[in-house]
Amino acid sequence: MTSLNRYTVNIIIENKPLIRDPEGETILRDLIIKNGVTEVTKVKTAKLLKLEVNAKDKENAKKIMEKMCNDLRIFNPVVSICKISVSSDI
Amino acid sequence: MITNPDLQLGLTKAEKKTLRKRLDREPNTLEWAMVDAQWSEHCSYKSSKPVLNQLPTKAKHVLLGPGYDAGVVDVGDGYIVTFHIESHNHPSAIDPYGGSATGIGGVVRDILSLGTRPIALLDSLRFGDIKTSLNSKWLFKNVVKGIADYGNCIGVPTVGGEVGFDKSFEKNILVDVVCVGLGKKEDLVLGEAKHSGDTVILMGGSTGRDGIHGVTFASKVLSDESESERSAVQIPNPFLKKLIIEATLEAVHTGYVRGLKDLGGGGLTCGISEIAEKGKNGIDIEISKIFLREDNMTPVETLISESQERMLFVIKQGHEKDIQKIFDKYELPYAKIGIVKDNDKITIKDGKIVIARLPVETIVNAPIINRSVKIPNYLNKLRKLEPPKEPMDFTKILRKLLSSPTLASKRWIYEQYDHEVGIKTIVKPGQSGAAVLKLDNGKFLAIKVDGNPKHCYLDPYNGAAGGLAEASRNIISVGGQPLAMVDHCQFGDPNNSEVFWTFSEAVHGMADYCKALNLPCVGGKVSFYNEDTGTNTAIKPSPIVSVIGLIDQLSNIRTMELKEHGDIIIELGITKPEMGGSEYYEYVHNFTGGLVPKVNFITEGKIQKLVLELIKKGLADSVNDCSEGGLALALVEMSILGGKGINIDLNNVISECNRIDDVLFSESHSRMIISTNRNYVNKILDLARNYGVPCSIIGTVKNDDISINISKKEIISLTLADISKVWGDVIPKCMGEVN
Amino acid sequence: MKIAVAVFPGSNCDRDTFNVLKNNLRIDTDLIWHKESNLDNYDAIILPGGFTYGDYLRGGVIAAFSPIMKQVKKMAEKGKPVLGICNGFQTLVEAGLLPGALMSNISLKFICKWTKLKVENNGTAFTNICVQNSILNMPIAHQQGRFFIKDKYLNHLIDNNQIVLTYVNNKGKISNDINPNGSIMNIAGISNEEGNVMGLMPHPERASEPALTPLRSADGLLIFKSMLNYLKKA
């Protein structure tokens with residue numbers, strides 16, 4: 001029996017780069033720039049899922065997560081991209 | 001990154017030849033792309049125009065018919081109502097949230113572009129089976145959310161709609177949206193560039209590569225490649241739309257806006273060409289002035305882009321600053337991009353260089369395609385099929401029917417829609433057959449959207465005419481006099497002669513209904529190519545219609561819930577054994593076949609007039625029409641909504657049926673149910689006799705249960721508490737939300 | 001007497017509120033664009049419902065930084081009546097004029113329906129002509145209406161009588177199953193300590209005409225009439 005390790009996985013779902021993000025644009029324009037923080041040049045909104053996953057190793061954890069995101073439509077590939085990062089810090 | 005659009009022209013060989021001939025030269029790349037967009041099925045109606053010409057479009061109260069962004073109806077006292085229907089089927093099948101939301105955006109823009117304020121939305125949706133298909137559930141959930149988020153954000157109430165579920169819509173869902181606007185006659189602005197010298201201003205969202213080839217996308221059949229066509233996906237921005245609504249209406253009130261057009265399918269190309277054609281002028285456009293969102297956009301991409309939330313304003317020469325002041329207040333981007341010219345050409349310039357020049361008539365008049373028709377083979381076979389066996393336990397059958405998502409309570413949907421904003425919603429979703437809004441002139445507007453693809457599949461003529469009859473009866477049931485209709489014809493591939501036959505028959509049915517019942521068609525749309533190459537199935541023929549009606553005073557509005565114990569239930573009209581396409585056959589027996597309810601225009605006209613008169617004379621307390629689910633469902637709805645039981649004797653129902661299930665569940669037209677105080681019964685029977693409408697007392701309002709009998713034998717017994725819960729929980733259960 | 005109704009980019013219920021005040025109650029009312037810098041001539045201000053700035057980031061947060069809010073704060077400090085309806089309530093909370101937070105409904109869905117509200121405190125600028133413990137009919141329409149506040153501060157609210165309206169059932173009782181959004185203690189509306197600033201999620205302007213309200217109640221008018229009464233007495 002292989003021992004399993006616990007990993008923290010962050011799944012970030014954001015709109016594809018060439019697709020608009022009206023929420024991000026409005027926050028930048030009407031909240032941040034209008035109130036003087038002109039150092040900021042771009043805002044993108046995203047959804048973050050934080051998961052705890054049991055797996056053999058980091059690669060395995062990532063593989064499982066990738067399959068899950070595709071099969072369960074965690075993100076809609078027509079509109080969004082999905083960035084998966086695995087760490088062993090709990 | 002974007003493939004050369006040259007390689008994706010949708011023009012046929014014949015169309016290319018025609019264009020060369022008309023120009024008497026070879027068009028350049030930009031000119032090819034512009035004509036390709038304008039001559040797409042979606043923009044030009046090249047296949048459907050000859051058929052649509054049958055629909056009557058004129059009436060005293062119709063100010064503007066088809067051919068403009070929306071129909072315009074005079075509702076008296078200087079007020080007008082605008083009315084339009086749109087759909088976003090293909091985008092919604094791929095991105096249900098964004099597709100449906102931007103569908104709302106599109107129909108609202110059409111209403112806005114006539115200078116009127118959008119005051120209500122309706123949605124008509126079709127999905128696959130949400131009980132068994134995860135994909136259908138996902139689509140349904142996200143389409144509703146998309147419509148909700150967008151409509152709620154822009155502050156336009158979604159006050160009604162309809163949803164149907166059928167396996168044929170599994171891959172090709174239907175998302176139709178209707179919008180109604182209100183304004184004063186003096187504010188009406190048309191989509192025309194009538195005065196040479198006027199300035200053309202582009203306002204709203206910036207132009208990017210969104211939706212490039214969107215109209216050709218809709219004009220092509222969905223295939224597995226579609227999921228990767230990311231440029232056809234549009235992101236909704238309702239906040240921007242809301243600002244555009246307010247800015248546009250303020251601009252219109254200055255009186256200096258002489259032409260207005262929203263940009264939808266075909267982008268700037270179609271927008272500019274259409275206003276030029278309507279104004280009988282030419283337009284010069286300076287392409288460098290168009291504000292872009294992405295780098296290195298080619299002229300082709302700029303002119304056919306379908307980026308959302310863009311409006312074209314034609315401003316009276318010299319008054320540009322009055323309008324710009326308003327756009328600045330709302331911090332909306334805009335640019336002066338052109339000028340109306342006293343010629344007949346669309347001229348695109350880049351600096352001083354002319355990069356395209358096309359005669360307006362050439363762009364706008366796509367060569368008509370005469371499609372061939374052929375009666376489908378399946379029809380005769382299906383009509384003659386042996387009907388399913390008559391059941392024994394009708395209580396069980398009725399319970400089963402009421403668990404059809406198509407017939408169940410839609411509260412799960414409309415509670416997500418803000419249906420109260422605007423403080424005009426008198427009859428709210430779920431209360432009756434149609435929604436009723438308060439207008440500013442003291443009158444009331446009834447609105448309804450309807451359609452029956454299951455009927456149309458078996459008999460497109462009667463199915464389509466029937467959709468109008470049903471919508472009109474719903475308007476009548478709230479006390480409204482039907483005024484006008486818009487239609488949306490959704491069919492498969494027009495190259496398929498069987499499909500085109502169903503389209504022609506459907507329009508023929510609607511045209512005959514409109515002529516017989518004096519209901520003008522003031523607008524509409526046609527969407528072909530609703531089919532999928534993978535399974536080679538087209539959707540069931542789906543003409544969806546919307547009807548508006550007028551009620552002159554508050555006291556003439558009715559709703560369907562039963563009012564008082566002791567009231568008498570009266571049935572008007574004859575029930576016939578016309579079970580084809582009925583929810584009973586399709587959902588309970590999984591059976592497709594039989595004869596579809598026929599529309600008898602004279603009978604239909606009589607019953608509509610009679611019921612309106614009964615309402616006006618104060619003789620009818622609750623009114624409902626019989627349609628999907630037949631008599632049984634009509635009665636159960638009235639009972640559940642009123643929280644009052646009924647006792648019915650089926651022997652008293654006027655029918656030509658031999659079977660009990662036919663009487664209960666037939667969807668014959670020209671039938672309505674009213675409940676009334678027993679003191680009015682004789683007057684009603686007299687009036688019905690005068691009109692020649694069959695009329696019969698079939699029961700009373702009493703107790704807490706639904707008891708349907710044949711003479712003394714009870715064949716259906718349900719408690720209200722039980723059936724209300726069953727009916728109310730169907731959709732929440734499908735969506736995993738009931739404990 | 002002059003009332004201001006603030007209009008932000010994305011406000012939707014400004015004209016509804018204005019129409020009720022101007023046409024139903026015949027009060028001198030103005031629609032004021034959010035960039036306005038002087039509200040000295042106004043005796044009260046209402047922040048109406050809607051989707052200011054698209055509800056992006058959080059409902060009411062971007063509007064809370066609008067120029068007009070400085071004036072709103074001044075009016076609140078002077079004791080003038082300040083009412084926040086729905087998105088307006090969210091804006092008052094984000095601007096620090098009312099405590100707590102308005103989070104996403106527990107169902108995660110937008111909800112539009114009629115609710116019954118109990119008048120927990122008829123001593124505020126907006127409830128003084130209501131009968132204590134009476135039930136009012138008003139509709140809600142929101143995605144982020146779940147009122148939340150930490151225990152310590154909840155006790156303050158209770159001790160200072162700042163809970164003004166709660167969602168109740170037909171019998172006037174607070175219960176979980178009729179709580180439409182998961183608000184703590186079924187709170188639908190609160191006020192500041194002084195009672196001149198109030199925020200509520202339900203829409204009184206939508207319950208001001210008999211033909212539009214179930215049971216023909218028009219209870220929403222009581223909120224606006226209370227405001228007038230408060231001003232008359234001041």
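Small disclaimer: the values here were computed from a predicted structure and weren't measured.
In plain terms, the two heavy atoms of C:P9 and B:L243 that are nearest each other are CB-CD2, 3.7 Å. A pairwise comparison of heavy atoms in C:G54 and B:C153 identifies CA-SG, 3.9 Å as the closest pair.
Rounded to the nearest 0.5 Å, atoms CD1 (B:I423) and CG (C:L212) are 7.0 Å apart.
Interface residue B:I154: only backbone heavy atoms are found under 4.5 Å from chain C. When heavy atoms are compared at a cutoff of 4.5 Å, B:L554 approaches chain C solely by way of its side chain, counted from C-beta outward.
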Is there any N or O donor on one of chain B and chain C with an acceptor on the other under 3.5 Å, and could you list each such pair with its distance?
unit_1: B:N152; atom_1: O; unit_2: C:N12; atom_2: ND2; d: 3.4
unit_1: B:C153; atom_1: O; unit_2: C:N12; atom_2: ND2; d: 3.0
unit_1: B:N237; atom_1: OD1; unit_2: C:Y56; atom_2: OH; d: 3.1
unit_1: B:K242; atom_1: NZ; unit_2: C:S11; atom_2: O; d: 3.1
unit_1: B:K242; atom_1: NZ; unit_2: C:N12; atom_2: OD1; d: 3.1
unit_1: B:E331; atom_1: OE2; unit_2: C:K35; atom_2: NZ; d: 3.0
unit_1: B:E415; atom_1: O; unit_2: C:C112; atom_2: N; d: 2.7
unit_1: B:D418; atom_1: OD1; unit_2: C:R206; atom_2: NH1; d: 2.8
unit_1: B:D418; atom_1: OD2; unit_2: C:R206; atom_2: NH1; d: 3.4
unit_1: B:D418; atom_1: OD2; unit_2: C:R206; atom_2: NH2; d: 3.0
unit_1: B:E420; atom_1: OE2; unit_2: C:W114; atom_2: NE1; d: 2.7
unit_1: B:G422; atom_1: N; unit_2: C:D16; atom_2: OD2; d: 2.8
unit_1: B:K428; atom_1: NZ; unit_2: C:L212; atom_2: O; d: 2.8
unit_1: B:K438; atom_1: NZ; unit_2: C:E209; atom_2: OE1; d: 2.9
unit_1: B:K438; atom_1: NZ; unit_2: C:E209; atom_2: OE2; d: 3.1
unit_1: B:E737; atom_1: OE1; unit_2: C:K109; atom_2: NZ; d: 2.8
unit_1: B:E737; atom_1: OE2; unit_2: C:K109; atom_2: NZ; d: 3.1

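Contacts of C:A101 classified as side-chain contact (heavy atoms from CB on, under 4.5 Å), with partners at least two apart in sequence or in another chain: none.
Between chain B and the residues C:I111, C:V20, C:I140, the largest count of heavy-atom pairs under 4.5 Å involves C:I111.
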